[in-house]
J.: 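Could you have a look at this structure, given as C-alpha cells, before my questions?
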Number of protein chains: 4
Amino acid sequence: MAKSIDETKLERIKQATIEMVVTKGYGGASVSSIAKKAQVADGYLYRHFPSKKALVQFLYGSHIDQFRQMVYEIMESNNSFDTIIFEFNKAIYEMTNENPSKAMFINMLMNDYTFLMSKDMRLRIPESFDKLLERGQKSGEVDPNLSLEEFTSVFPAISIEYASSRVKKIFSEEKLTEEDARKVTNLCMKALRP
Amino acid sequence: MAKSIDETKLERIKQATIEMVVTKGYGGASVSSIAKKAQVADGYLYRHFPSKKALVQFLYGSHIDQFRQMVYEIMESNNSFDTIIFEFNKAIYEMTNENPSKAMFINMLMNDYTFLMSKDMRLRIPESFDKLLERGQKSGEVDPNLSLEEFTSVFPAISIEYASSRVKKIFSEEKLTEEDARKVTNLCMKALRP
Amino acid sequence: MAKSIDETKLERIKQATIEMVVTKGYGGASVSSIAKKAQVADGYLYRHFPSKKALVQFLYGSHIDQFRQMVYEIMESNNSFDTIIFEFNKAIYEMTNENPSKAMFINMLMNDYTFLMSKDMRLRIPESFDKLLERGQKSGEVDPNLSLEEFTSVFPAISIEYASSRVKKIFSEEKLTEEDARKVTNLCMKALRP
Amino acid sequence: MAKSIDETKLERIKQATIEMVVTKGYGGASVSSIAKKAQVADGYLYRHFPSKKALVQFLYGSHIDQFRQMVYEIMESNNSFDTIIFEFNKAIYEMTNENPSKAMFINMLMNDYTFLMSKDMRLRIPESFDKLLERGQKSGEVDPNLSLEEFTSVFPAISIEYASSRVKKIFSEEKLTEEDARKVTNLCMKALRP
DNA sequence: TATGAATGAGACTTCATTCAT
DNA sequence: CATGAATGAAGTCTCATTCAT
C-alpha cells in the first residue's frame, strides 16, 4: 500500500555519517551536513535513530562487531596461528583500501574516551583474542609467559597502527598491499615468539 | 607575585581543558565547564588564547613537542639502542601514572583526524624516529631492511597502546611500573630485530 | 458496511484527539500520537480535516453546539425555571461521568484564548442564555435587575466549575450524582433570586 | 567588576511570555517570539530558566501564590466576611485592569490539565479557602452545611468568571469598577447564605 | 481508499565569544 | 587585569503535512 523504506537512503546516511565524523569530528559533523551529503531530508535520520549520538554509537558498535566477527571467522577456518594473523591483516587492509573512512572511523572512536563500547562488546572482544593467544601458545609460536594485555598491544595494535599511518598518508600514499600484510605479520610474529 | 597568581590560573585552565576534553570530548567540553573547573571566569581564557580550538591545539602541540623532546633527550644521553627504548617507555609510563588525563588527551587527539599537528611538528617527529631507527640498525639490534613506517608501527605504537589499554582499565587497574616498561621494551626489541 | 468501518475510524480519531489534547495539551498532542491511539494511519486524518487545528476547532465547535442545543431543548420542554437549571446540571454531570475527557476538553478550550468560537456560535450562545434569563425574571425567580453578564457568571459558571473541580479530583474522586446537581442548582437559585 | 544582571530584561521576558502565551497559546508562543517581544536575545531566557516550560511553570506558580497571598492578607486585616469577599474582588479586578494578560494567563493555565500546580500549592490553596469558609459559617453569613467544594464553586469561581468574560469582551469592553466588585460580592453572598 | 515513508520548516536549546564594568 | 552578563549563530530534534503506492 504505502511506500516502502528506501534502504539506499539509510545506507547513504550511514556512509555520510562516517565520512563527516572522520573529516570534521563528532561535533563538526552536524546532522544537517550529514543529511546534505546523504541527499536526504534533515529530519530523515530521526526516523531510524533516536539521536545523532545513537547513530554514531550504532555505527561504532556494528563496525566493531564486524571486526570481531572477522577474527572469529578467520580463526574458525585456519589451523595455523601465523596464517590467522596474516589473513586478518590482509582482510583489514582490504577493508581499509575499499573504505578508508570506515577504518579511520573505527580507529578514531576506539581512542575517544567518550564513545564506549557496549558492555557486551567490551567482554566479547578480549575473549576472542584470548582464544587466539591460547592457540599461538599451544603451537609454540607465542611466548607462553605473554599476558593478554601484552598480546593485544602487539596484535592487533601494530596492524591497526600501520593501516592508520597509511590512511593519514604520513609515510606513503600507496594503497595497502598483500606485501604490507606480510610485513606486518612478520613484525607481530617476531614480537610474540618465545 | 601578581604574575604567579596568573600562572596558576593559566595552569588550571590547561589542566581543566585536558580533563574536560578527555571526559566529555572536544564538543562536550564547553568553555564554561572548563572555566568552572579551573575556577576562573568564562572570559578569562580569551586573554591567553584566541579561541577554544586554539587552546586545545596549543595543548596538543605542546604535549606532542614535550614527547618529541623526551625522545631527543633520551637519545642524546644514551648510547645503547635498547636503553633508549626502555628509558622512553619508563618516562611515558611515569607521565601516564602522574597525569593519566594528559596521556589520554594525547592519545585521543593523535587519532582524531580533525586535530592535525602543525606542519613543523609533522616533519620533526619522523625525523627523530628516523635517527633512532638508524642508530638501531647501526648497532645491529634492528633489521636493516625495516622501513620507518614499519618501525613506528612497532615503536612507539606498542608502548602507547599498552599504556592506553591500562588507562582504559581494560585488563588491569594497576599503575604502570618499571616492570611494565621492561616487558614492553622486550616486545619491541623482539619485533625489531633482524 | 464499508462506510460503517469508516465511521468508527472517524469516531476513534475524534475521541483520541480529545484525550490526547486533554492529557498532553494541544502542542503535545501530535498527529502521530492521535493516529496511533485511534489505530489509524498518520495521514488518514487529512482525508476528513484539512489540518490538526481544523480538527480540534471542529471538535470544540461541535461540542459547544451540543451544549447549546442541550440548553435549548431543556428550555423547550420545561416551563419552570428552576427545573431547567436542574435538568441542565443533571445532563452535563451525566455527560461528565460518561466521558470526563470531553468535559475537560470543552473546559480547557473555553479558557484558551487562542481557540475562539466561530462568530456564529459567539452570537447564539448568549442569545440562549438571554432567553433563559428572561424566563427566570418573568417567573420572579431571578432578580429583575440582573444583567446577562452577571447571570452567566452564576449560570453556567458555577455548574461548570463544580464539575471541573470534580474531574480534577481536587476535593473528591466520586462520580457526580443527581444530589450534586441538586446542590449546585440550589446555589445558583439562591445567587440569582431578587 | 562585571556587568550586573539587568532586572528589567528579566521583567520584560516575564511579561512578554505571559502576553505571548495568552495570545498564541503555549505552543504558539515560541521562545524566539517571546525574546523578540522582550527585546532580548533568543538565548537570554536560558540564563534564568532551564526551559520554556520551566519559565511558564514558574510564572504560573508565582502568580497563583500572589493570588493566594492576597486572600491571606485580606483575611488577616478584616473581620467581616462580606468585606473580605468584597476586598478580594476589588483587588483582583484592579489587577485585571492593570494587567489583563496576567489575569488571562492565570485563568488559562488553571484550566489546562497539562499545567499542574506544585503539590505544595495544591495543598495550601484549599487551606486558605477553608479558613475563609469557616469564618463565614461562624458569622452566620454562610450556610453551615456548605462543603468546601460547593463554597469554591461560588467563590472565587463567580468572581473569576466575571472578570474573565470581561477581558474576553463578551458582554462589555468597559474596565472593571468597584461597582462590579460590589455586584459580584452580592451574587456570592446570596449564593452562600443559609 | 488508506497507508506510512519522507520531507523540511521551525521549534527549543547550547555555547563560543564579546565587551561594559 | 579580570569578570560574567549577554548575544545570536548554529545545532539538535519534532512533527504537521504530503504523496507514491
Side-chain angles (χ1 to χ4, degrees), chain A residues 1-7 9-10 13 27-36 39-55, chain B residues 2-3 5-6 9 26-36 39-55, chain C residues 2-3 5-6 9 27-36 39-55, chain D residues 1-7 9-10 13 26-36 39-55:
Chain A
M1 276 289 180
K3 279 185 278 188
S4 63
I5 293 180
D6 187 338
E7 286 295 337
K9 275 188 182 164
L10 196 51
I13 278 274
S30 74
V31 170
S32 271
S33 69
I34 290 170
K36 198 174 178 185
Q39 298 191 77
V40 298
D42 280 29
Y44 181 77
L45 185 159
Y46 295 92
R47 296 189 57 71
H48 298 280
F49 299 95
S51 69
K52 173 184 156 186
K53 184 105 191 180
L55 163 61
Chain B
K3 202 186 163 199
I5 289 170
D6 228 36
K9 271 191 180 173
Y26 177 76
S30 71
V31 170
S32 247
S33 69
I34 290 169
K36 197 176 178 186
Q39 300 191 74
V40 299
D42 283 24
Y44 182 75
L45 184 157
Y46 292 90
R47 314 217 132 266
H48 299 280
F49 301 94
S51 70
K52 174 184 158 185
K53 183 104 191 179
L55 161 60
Chain C
K3 201 182 166 203
I5 289 170
D6 229 35
K9 271 190 180 172
S30 70
V31 169
S32 245
S33 69
I34 290 169
K36 198 175 176 183
Q39 299 190 74
V40 299
D42 283 26
Y44 182 75
L45 185 156
Y46 293 90
R47 314 216 132 264
H48 298 280
F49 300 96
S51 70
K52 174 184 158 186
K53 184 103 192 180
L55 162 61
Chain D
M1 276 289 180
K3 279 184 279 187
S4 61
I5 292 180
D6 187 338
E7 287 294 338
K9 276 188 182 163
L10 197 51
I13 278 274
Y26 178 77
S30 74
V31 170
S32 269
S33 70
I34 291 170
K36 197 173 178 185
Q39 298 191 75
V40 299
D42 279 27
Y44 181 78
L45 184 158
Y46 295 90
R47 296 189 58 71
H48 298 281
F49 300 94
S51 68
K52 174 184 156 186
K53 184 104 191 180
L55 162 60

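Chain naming here is simple, since letters A, B, ... match the order of the sequence lines and numbering starts at 1 in each.
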J.: Q39(C) has an atom CD; how far is it from atom C1' of dA2(E), in whole Å?
T.: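 The distance from CD of Q39(C) to C1' of dA2(E) comes to 15 Å, rounded to the nearest Å.
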J.: K9(D) near the nucleic acid: base, sugar-phosphate alone, or nothing, with a heavy-atom cut-off under 4.0 Å?
T.: sugar-phosphate
J.: Go through the structure and list residues passing ring-ring contact (aromatic ring centres under 6.0 Å, His included) with Y46(A), not counting sequence neighbours.
T.: none
J.: Just the rounded figure in Å: distance from C1' of dC19(F) to CG of D6(A).
T.: 15 Å
J.: Which distance, rounded to the nearest 0.5 Å, do you find between the CG of L55(D) and the CG of L10(D)?
T.: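 Answer rounded to 0.5 Å: 9.0 Å.
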J.: Could you state the atom-to-atom distance from CG of L45(D) to P of dC15(E) in whole Å?
T.: 16 Å
J.: When you compare the side chain of I5(D) with that of R47(D), does any pair of heavy atoms fall below 4.5 Å?
T.: no
J.: How many angstroms lie between OH in Y26(D) and NZ in K52(D), if you round to the nearest 0.5 Å?
T.: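 Nearest 0.5 Å value for the OH-NZ distance: 5.0 Å.
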J.: Return the pairing partner of dA2(F) with a 3.5 Å limit on both distances, Watson-Crick or G-U wobble; otherwise return none.
T.: dT21(E)
J.: Taking all non-hydrogen atoms of both residues, which atom of S33(B) and which atom of S30(B) are closest, and how far apart?
T.: OG-O, 2.7 Å
J.: Using whole Å, report how far CD1 of I34(B) lies from C1' of dG4(F).
T.: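 From I34(B) CD1 to dG4(F) C1': 16 Å.
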J.: Please confirm whether the shortest side-chain N or O distance from R47(A) to OP1 or OP2 of dA6(E) is below 4.0 Å.
T.: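 Answer is no, no contact under 4.0 Å.
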J.: Over all heavy atoms of both residues, which pair between A35(C) and A41(C) is shortest? Give the atoms and the distance, please.
T.: CB-O, 3.8 Å
J.: Listing time: all N or O pairs from protein to nucleotides 10-12 of chain E that are below 3.5 Å?
T.:
from    : atom 1 : to     : atom 2 : distance (Å)
dC12(E) : OP1    : K52(D) : NZ     : 2.6
dC12(E) : OP2    : V31(D) : N      : 2.6

J.: Quick check on DNA chain E: between P50(B) and A41(C), whose nearest nucleotide comes earlier from the 5' end?
T.: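 The answer here is A41(C).
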J.: Please figure out whether H48(D) or H48(B) has its closest DNA chain F nucleotide nearer the 5' end.
T.: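 Nearest-nucleotide comparison on DNA chain F picks H48(B).
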J.: Send over the distance from I13(D) CD1 to dT7(F) C1', rounded to a whole Å.
T.: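 Result: 13 Å.
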J.: From C-beta outward on Y44(C), which listed nucleotide comes closest to its side chain: dT3(E), dT7(E), dT7(F)?
T.: dT3(E)
J.: Mind calculating the distance between NZ (K53(B)) and P (dA10(F)) to the nearest angstrom?
T.: 16 Å
J.: Nearest 0.5 Å, please: how far is OG in S32(C) from CD1 in I34(C)?
T.: 9.5 Å
